[in-house]
Protein chains: 2
Amino acid sequence: MQLMSSEAPDFRLEDFLPYRLSVAANRVSRRFADRYGAAFGLSIPEWRVMAVLGRFGRLPAREIAARTAMDKVKVSRAVRQLQARGFLERAADAADARLHWLALSKAGQGVHAAIVPMAREMEAEVVQGLTTEELAVLNVALGRIAERFPGEGVD
Amino acid sequence: MQLMSSEAPDFRLEDFLPYRLSVAANRVSRRFADRYGAAFGLSIPEWRVMAVLGRFGRLPAREIAARTAMDKVKVSRAVRQLQARGFLERAADAADARLHWLALSKAGQGVHAAIVPMAREMEAEVVQGLTTEELAVLNVALGRIAERFPGEGVD
DNA sequence: TGACATCAGTTGCATTTGAAACTACCTCGG
DNA sequence: CCGAGGTAGTTTCAAATGCAACTGATGTCA
């Protein structure tokens, strides 16, 4: 005699991997967004744009989208915002009038320089309590999962 | 002579754990939402409410919120929707007029019975390509991260 | 060429979200 | 009792999101 009509054992949401993954990721993202919002007035999309431009120098919006796992609409809006704040410079491509190269301005580079150490701190905080091996496995697992579940502009 | 003004090595977004976590989680969630949307017309919040009610029988909204990592607003809206579809029953508490106990209706139980196997399939899909040990480590890591980053209604 | 698919990027619009305000109710100290 | 403060749950409102439609430009293939 059991309450559940099903033959299957109870379904425990708290043990359900997609749920656990979602909760962990969203908590980290929330904290992350709070910190960057407070410190620099940057949203996560804006932060990602700055991050990839800091690394690659100049990219067209399409490339930013590909490298930040965001769709082009989100990139477009983040770029507009960053431009309004003077963190970005935009230059038309000589050969292809559809393309616009985006790069950090001087001011943007300054912000980028401040942003990166804070990111490393946050990462350290996430990683605390994990051994090196656990961290390695976590990274492998996340990579496999992301591969198995492709998506255009996700997040 | 280097391009980066900073002493630190390049910051690689694609290796940044909070980013990787976010991307993996969002891709899974998106697929999950698509499937449940297509199969049952359920959103993730609605799905979560059904899941915990299927397990615990009856709960007040506040408890649903606590057990699904959602805030009370999201729960309120999911409940309204599920009620409109006839999947939920709602009963006022005898002693405390603020409380309303929520439970799956007969129809809701039927849906729940269909929902759970599909969840297990999706979980299996996420887990494919991970060894048992890797899975165990992943779960530990996600638990530690979620602990280290508390949050009221997150996700 | 020139019609047509395709691409970069933006905008419009409907949906989702969440913080804060709000309603209704309960509790507890005096 | 009664009033201050707390809780359950809903509503309001502004912001974030995402799809689809759009603009303008390029590629392509007959």
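The structure displayed is predicted, hence computed values, not measured ones. Numbered from 1 within each chain, the chains take letters A, B, ... in sequence-line order.
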**Report entry** Ion pair check, B:E46 and B:R80, cut-off under 4.0 Å
**Finding:** no

Query raised in the report: Which nucleotide in the list D:dT11, D:dG24, D:dA8 gets nearest to the side chain of B:R80?
Result: D:dT11

Query raised in the report: Taking for each residue the nucleotide of DNA chain C with the nearest heavy atom, is it A:V79 or A:R98 whose nucleotide lies nearer the 5' end?
Result: A:R98

Query raised in the report: Does a side-chain N or O from B:S76 land closer than 4.0 Å to OP1 or OP2 of D:dT10, or not?
Result: yes

Query raised in the report: Any donor and acceptor pair, going by atom type alone, linking the side chain of B:R85 with main-chain N or O of B:G41 inside 3.5 Å?
Result: yes

Query raised in the report: Which residue, B:K72 or A:P45, contacts DNA chain D at a nucleotide closer to its 5' end, judged by nearest heavy atom?
Result: B:K72

**Report entry** Whole angstrom value for the distance that separates P of D:dT10 from CE of B:M70
**Finding:** 13 Å

Query raised in the report: Side-chain N or O of A:K74 less than 4.0 angstrom from OP1 or OP2 on D:dG18?
Result: yes

Requested in this report: Look at the side chain of B:S76 and the backbone N and O of B:K72, then say whether any donor-acceptor pair between them is shorter than 3.5 Å.
Outcome: no

Query raised in the report: Nearest-Å distance, CG (B:L88) to P (D:dG9)?
Result: 13 Å

Report task. For the helix from C:dT1-D:dA30 to C:dG30-D:dC1, measure the angle between the helix axis at one end and the axis at the other, each built from five pairs, rounding to 10°. Result -> 10°

Query raised in the report: Less than 4.0 Å between a side-chain N and a carboxylate O, is that true for B:E125 and B:R35?
Result: yes

**Report entry** Salt-bridge criterion met for B:E134 and A:R144 (N-O under 4.0 Å)
**Finding:** yes

Query raised in the report: Reading DNA chain C 5' to 3', which nucleotide is the first, and which the last, to come under 4.0 Å of any heavy atom in chain B?
Result: C:dT17 to C:dC26

Report summary line: So, with a heavy-atom separation below 4.0 Å from DNA chain D, the residues of residues 59-69 of chain B are B:P60, B:A61, B:R62

Query raised in the report: Using a cut-off of 4.0 Å on non-hydrogen atoms, how would the nucleic acid contact of A:A33 be classed: base, sugar-phosphate, or nothing?
Result: nothing

Query raised in the report: A:R48 side chain to A:T68 main-chain N or O, any donor-acceptor pair under 3.5 Å?
Result: yes

Query raised in the report: Under 30°, 30 to 60°, or over 60°: which ring-plane class applies to A:F16 and B:W47, parallel, tilted or perpendicular?
Result: tilted

**Report entry** Among A:E89, A:Q109, A:R58, the one residue meeting side chain to side chain contact (heavy atoms under 4.5 Å, CB included) with A:L104
**Finding:** A:Q109

**Report entry** A:D93 CG - D:dG27 P separation (whole Å)
**Finding:** 11 Å

**Report entry** Steps toward side-chain contact (heavy atoms from CB on, under 4.5 Å) verdict (B:L59, B:L102)
**Finding:** CA-CA 5 Å; B:L59 295 171; B:L102 295 161; 5.8 Å; no

Query raised in the report: Can B:R12 and B:D10 be counted as an ion pair, charged N to O under 4.0 angstrom?
Result: no

Query raised in the report: Hey, does A:A78 reach any base, or is it just sugar-phosphate, or nothing, if we go heavy atoms under 4.0 Å?
Result: nothing

Query raised in the report: A:L21 and B:V137: same hydrophobic cluster, using ILVMFWY side-chain contacts below 4.5 Å?
Result: no

Query raised in the report: What's the CZ-C1' distance between B:R90 and D:dG9, to the nearest Å?
Result: 8 Å

Query raised in the report: Is a donor-acceptor pair below 3.5 Å formed from side chain A:R77 to base D:dG18, judging by atom type as modelled?
Result: yes

Query raised in the report: Charged N to carboxylate O below 4.0 Å: is that the case for B:R27 and A:E147?
Result: no

Requested in this report: Please state how far atom CD1 in B:I44 lies from atom P in D:dG18, giving the value in whole angstrom units.
Outcome: 13 Å

Query raised in the report: Could you state the CG-P distance from B:D71 to D:dT11, rounded to the nearest angstrom?
Result: 15 Å

